[in-house]
Chemist: 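Submitted below is the structure of interest, expressed as structure tokens.
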Amino acid sequence: MRRVVLVLADGLRPDAITPGVMPSLDALGGAFTLALHARTVRPSTTVAALASLATGVAPHTHRLTEPGLGFLSNLRSLRPVAVELARGGITTDVVTGELGPAALPVAWSLAATAGGRRLTGRGSHARETAAAANCLLAQREERLLFVYLPDCDRAGHAHGWMSPRYLAAAAEVDAGVGALVSRSNDTVFIITADHGGGGVTRTEHDAPHPVNDHIPLIIAGPGVTRRHQLTRPISLLDVPATILWWFGLPVPQRYEGRPVVEAFTRVHGPVAVPA
Ligand SMILES: [Zn+2]
């Protein structure tokens, strides 16, 4: 049973992951593999980062920083992770919190990430969305499950990054992810974010700034290196390469990231070293 759950906590800053605010993620990062210096792509926006996760290339290559008519067809000229996985018999599903009309660009990117298979929008809070994800995991099927949790980004835009309401949203994300991880001990979890926030403007995250660019990355589950801190620079672009590699599939040469091999003590399938 090969399963990876990729949790994207929109706008989650690594410095919000403390024992007091996010006890589950803090414990997972300590017990398994944690990246101390992980960065998102530029621009540090959700659509650009989601498209990079979906295609393995940086925004200057995919040019999908805004939704449009050419969005999905352009993706097909790239090598989307979901398409590569489908070639290996692995399906990709997306579970997301309910997205209003304002989040249409995000929905576009998420649909692209799913490779058009299935997108479930469920829950106004991370715990409800995580419960919907848990229902999908109850089906004994090999897959990549992408779980998108918008809670922190919403609170950051409304009240400021690291504000009390933002930290409450982080705690909600922690409760949702913690419940999901505790019920899925046969699954590898990759927990990250698309960007930070509050670096230049309290309630924004687009401008170049270390606090906007720095993202958490926790890899946990069976076969993951224990009590390990990745001290070298890690990019969000390393995540799609890592997923394909973990499933034993070739990483397309045009992918701009590289598998984080030191996070794993064993992988499934033949190990494909990227060219
Ligand atoms: Zn945002």
Side-chain angles (χ1 to χ4, degrees), residues 6-17 21-22 25 38-55 58-60 62-68 71 94-114 119 121-130 146-174 176-177 190-218 235-237 239:
L6 173 58
V7 177
L8 190 96
D10 195 333
L12 176 62
R13 275 171 52 164
D15 53 345
I17 303 177
V21 177
M22 305 188 82
L25 263 60
R39 282 177 169 270
T40 190
V41 293
R42 273 269 97 247
S44 53
T45 63
T46 297
V47 171
L50 286 176
S52 285
L53 276 177
T55 62
H60 63 78
H62 65 58
R63 299 184 180 279
L64 305 177
T65 50
E66 287 176 18
F71 193 87
V94 176
V95 178
T96 163
E98 276 159 15
L99 301 170
L104 191 61
V106 175
W108 273 90
S109 319
L110 287 165
T113 308
L119 192 148
R122 187 79 41 84
S124 55
H125 297 287
R127 270 175 288 191
E128 295 171 67
T129 308
F146 183 81
V147 180
Y148 172 77
L149 303 173
D151 306 56
C152 292
D153 187 66
R154 279 184 190 154
H157 285 298
H159 307 285
W161 260 259
M162 303 307 280
S163 65
R165 296 281 285 274
Y166 172 88
L167 294 176
E172 171 69 24
V173 165
D174 189 73
V177 177
I190 301 175
I191 302 159
T192 188
D194 49 354
H195 53 72
V200 177
T201 309
R202 245 182 91 250
T203 56
E204 292 297 338
H205 53 73
D206 296 8
H209 190 285
V211 160
N212 293 344
D213 295 344
H214 194 188
I215 53 171
L217 177 67
I218 294 167
S235 163
L236 184 77
L237 291 167
V239 172

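The basis for the numbers below is simple: all heavy atoms, side chains too, and nothing from hydrogens, waters or symmetry mates. Ligands are counted one by one from 1 in listed order, and the atoms in each one are counted from 1 as well.
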Chemist: For the Zn ion (ligand 1), give me the closest N/O/S atom belonging to His157, just the atom name.
Modeler: NE2
Chemist: When you draw lines from the Zn ion (ligand 1) to OD1 of Asp153 and to NE2 of His205, what angle lies between them, to the nearest 10°?
Modeler: 100°
Chemist: Quickly, which of Ile190, Val94, Val7 forms a side-chain contact (heavy atoms from CB on, under 4.5 Å) with Phe146? Name it, please.
Modeler: Val94
Chemist: Output yes if Glu204 passes the N/O/S-under-2.8 Å test against the Zn ion (ligand 1); output no otherwise.
Modeler: no
Chemist: Between His195 and Thr45, is any side-chain donor less than 3.5 angstrom from a side-chain acceptor?
Modeler: no
Chemist: With Trp161 as reference, evaluate Asn212, Val211, Thr201, Asp153 under the side-chain contact (heavy atoms from CB on, under 4.5 Å) test and give the passing residue.
Modeler: Asp153
Chemist: Looking at every heavy atom in both Ser44 and His205, which two are closest together, and how far apart are they?
Modeler: OG-O, 2.5 Å
